[in-house]
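Heavy atoms only: backbone and side chains are in, while hydrogens, waters and symmetry mates are out. Residues take their numbers from the sequence shown, with the count starting at 1.
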Amino acid sequence: MSPTDKAAAASETLRGGPRRRRVRMPGGGRGGRGVPLPLLVPALTGVAFLTVPLVALLVRAPWRGMPEQLTGAAVWQALRLSLLCATAATAVSLVIGVPLAWLLARVEFPGRGLVRALVTLPLVLPPVVGGVALLMALGRNGVVGKWLDAWFGITLPFTTAGVVVAEAFVAMPFLVISVEGTLRAADPRYEEAATTLGASRFTAFRRVTLPLIAPGVAAGAVLAWARALGEFGATITFAGNFPGRTQTMPLAVYLALQSDPEAAIALSLVLLAVSVAVLAGLRDRWMAAG
């Protein structure tokens, strides 16, 4: 083997071995005889099932009257409240969710699996059930809410703060899962080296671990913000639907659908645009292939 060949082989080894070429076979398949019809038909049906409703929303949108629909005072009021509450809920999720994710990823303790299951439960829990649970816990006669009202005069249900609480309840698991996965992928030896050099565990987390996992934290925060912006069930159950105080964009869409369908479509397009923007911002993390 010549020196050039040896250098090339060494380079391939450092890069993880030679890259395998993807060979496209006749009929559109890779390494096979094409796509089997029993798989192709359901796959295309699934694509149509997920995309046709969105296309229908665009087709039926009142484009000519869109500026008038979106410049109403009630629309901007709901949009402003949605953005404010979603941002506040994301901030709450960051403050308590990132330490929770670190605890689940770095600390071994009895019942960690149960804690993880409870933390992720809001992902599969019907939002209305989550709203009822919040009422039972934080309502005026709730397990915790009665003490908040008696000791501090704090009442959360049917207030703007209640919207933030409801949105944080359903959105925080997205951030916790994202950050925990990033922490498990990060090398803990950097954190251990910092503690060996005299840094406290918190200093090592703040100066070493947090910069390493910053992309995962950012991705989780965006997902949590998007989920909070689109929250409906827990919000209307726990905070109600009061214009200017608790009526967010999803609630405004629901209310407009009963009296002004064109306004409901216009508001839906705003939320659709936000969702597309979130996906576009996270394309390198969630949509990259290969």
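A ring-ring contact (aromatic ring centres under 6.0 Å, His included) check over residues 160-188, counting only residues at least two apart or in different chains, returns nothing. For residues 113-124, the set of pairs meeting the side-chain hydrogen bond (donor to acceptor under 3.5 Å, both in side chains) definition, not counting sequence neighbours, comprises Arg116-Glu180. The side-chain hydrogen bond (donor to acceptor under 3.5 Å, both in side chains) analysis of residues 261-278, with sequence neighbours excluded, yields no pairs. Applying the side-chain hydrogen bond (donor to acceptor under 3.5 Å, both in side chains) test to pairs two or more places apart or on separate chains, those with a residue in residues 217-234 are Thr87-Trp225, Arg227-Glu231. Within the structure, the side-chain hydrogen bond (donor to acceptor under 3.5 Å, both in side chains) test picks out no pair touching residues 125-138 (sequence neighbours left out).
Leu118 and Ile177 fall into different hydrophobic clusters, where Ile, Leu, Val, Met, Phe, Trp and Tyr residues are linked whenever their side-chain heavy atoms come under 4.5 Å apart, directly or through other members. Hydrophobic clustering (ILVMFWY, side-chain heavy atoms < 4.5 Å, transitive): Ile265 and Val253 are in one cluster. Following chains of ILVMFWY side-chain contacts shorter than 4.5 Å, one can reach Leu269 starting from Leu271, so the two form part of one hydrophobic cluster.
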Atom pairs and distances, side-chain donor-acceptor, residues 199-208, under 3.5 Å, sequence neighbours left out:
residue, atom, partner, partner atom, Å
Ser200, OG, Thr203, N, 3.1
Ser200, OG, Thr203, OG1, 2.8

Counting only pairs under 3.5 Å, give me each side-chain donor-acceptor contact of residues 133-159, with atom names and distances, residues two or more places apart or in other chains.
residue, atom, partner, partner atom, Å
Thr159, OG1, Leu156, O, 2.5
Thr159, OG1, Gly162, N, 3.1

Which atom pairs, donor and acceptor, lie under 3.5 Å between side-chain atoms of residues 93-113 and protein residues at least two apart or in another chain?
residue, atom, partner, partner atom, Å
Ser93, OG, Ala89, O, 2.9
Trp102, NE1, Glu191, OE2, 3.3
Arg106, NE, Glu191, OE1, 3.3
Arg106, NH1, Leu183, O, 2.9
Arg106, NH2, Leu183, O, 3.4
Glu108, OE1, Arg112, NH2, 3.3
Glu108, OE2, Arg112, NH2, 3.0
Arg112, NH1, Leu104, O, 3.0
Arg112, NH1, Val107, O, 3.1

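For the atom pair Thr235 OG1 and Asn241 CG, the distance stands at 10.0 Å (nearest 0.5 Å). Rounded to the nearest 0.5 angstrom, Leu255 CG and Asp260 CG are separated by 10.5 Å. The distance from the CG atom of Leu58 to the CG atom of Leu272 is 6.0 Å, given to the nearest 0.5 Å. We find the CG-CG distance between Leu175 and Leu223 to be 8.5 Å, quoted to the nearest 0.5 Å.
In this structure, Glu167 has no salt bridge (charged side-chain N to carboxylate O under 4.0 Å, His left out) partners at least two apart in sequence or on a different chain. Judged as a side-chain contact (heavy atoms from CB on, under 4.5 Å), and not counting sequence neighbours, the contacts of Leu79 are Trp76, Leu83, Met249, Val270. Contacts of Trp63 classified as ring pair (Phe, Tyr, Trp, His ring centres under 6.0 Å), with partners at least two apart in sequence or in another chain: none.
In this structure, the side chains of Pro173 and Val176 stay at 4.5 Å or more apart for every pair of heavy atoms.
The main-chain N or O of Glu192 is found under 3.5 Å from a side-chain atom of Thr195 such that the two form a donor-acceptor pair. Listed for the Ser82 side chain is no donor-acceptor partner under 3.5 Å among the backbone atoms of Leu229. At least one donor-acceptor pair closer than 3.5 Å links the side chain of Thr160 to the backbone N or O of Arg245.
Leu251 belongs to a hydrophobic cluster whose remaining members, ordered by chain and number, are Phe232, Ile236, Tyr254; membership requires side-chain heavy atoms of ILVMFWY residues under 4.5 Å apart, directly or through intermediates.
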Could you go through the side-chain contact (heavy atoms from CB on, under 4.5 Å) check for Leu267 and Val75 one step at a time?
CA-CA 8 Å; Leu267 294 174; Val75 173; 3.4 Å; yes
Run the side-chain contact (heavy atoms from CB on, under 4.5 Å) check on Leu81 and Val163 step by step: do they pass?
CA-CA 9 Å; Leu81 184 64; Val163 177; 5.5 Å; no
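Within a 6.0 Å radius of CZ in Arg60, other residues, nucleotides and ligands contribute 12 heavy atoms or fewer. Other residues, nucleotides and ligands place more than 12 heavy atoms under 6.0 Å from the CZ atom of Phe242.
Among all heavy-atom pairs drawn from Ala78 and Ala252, the shortest one is CB-CB, 4.0 Å.
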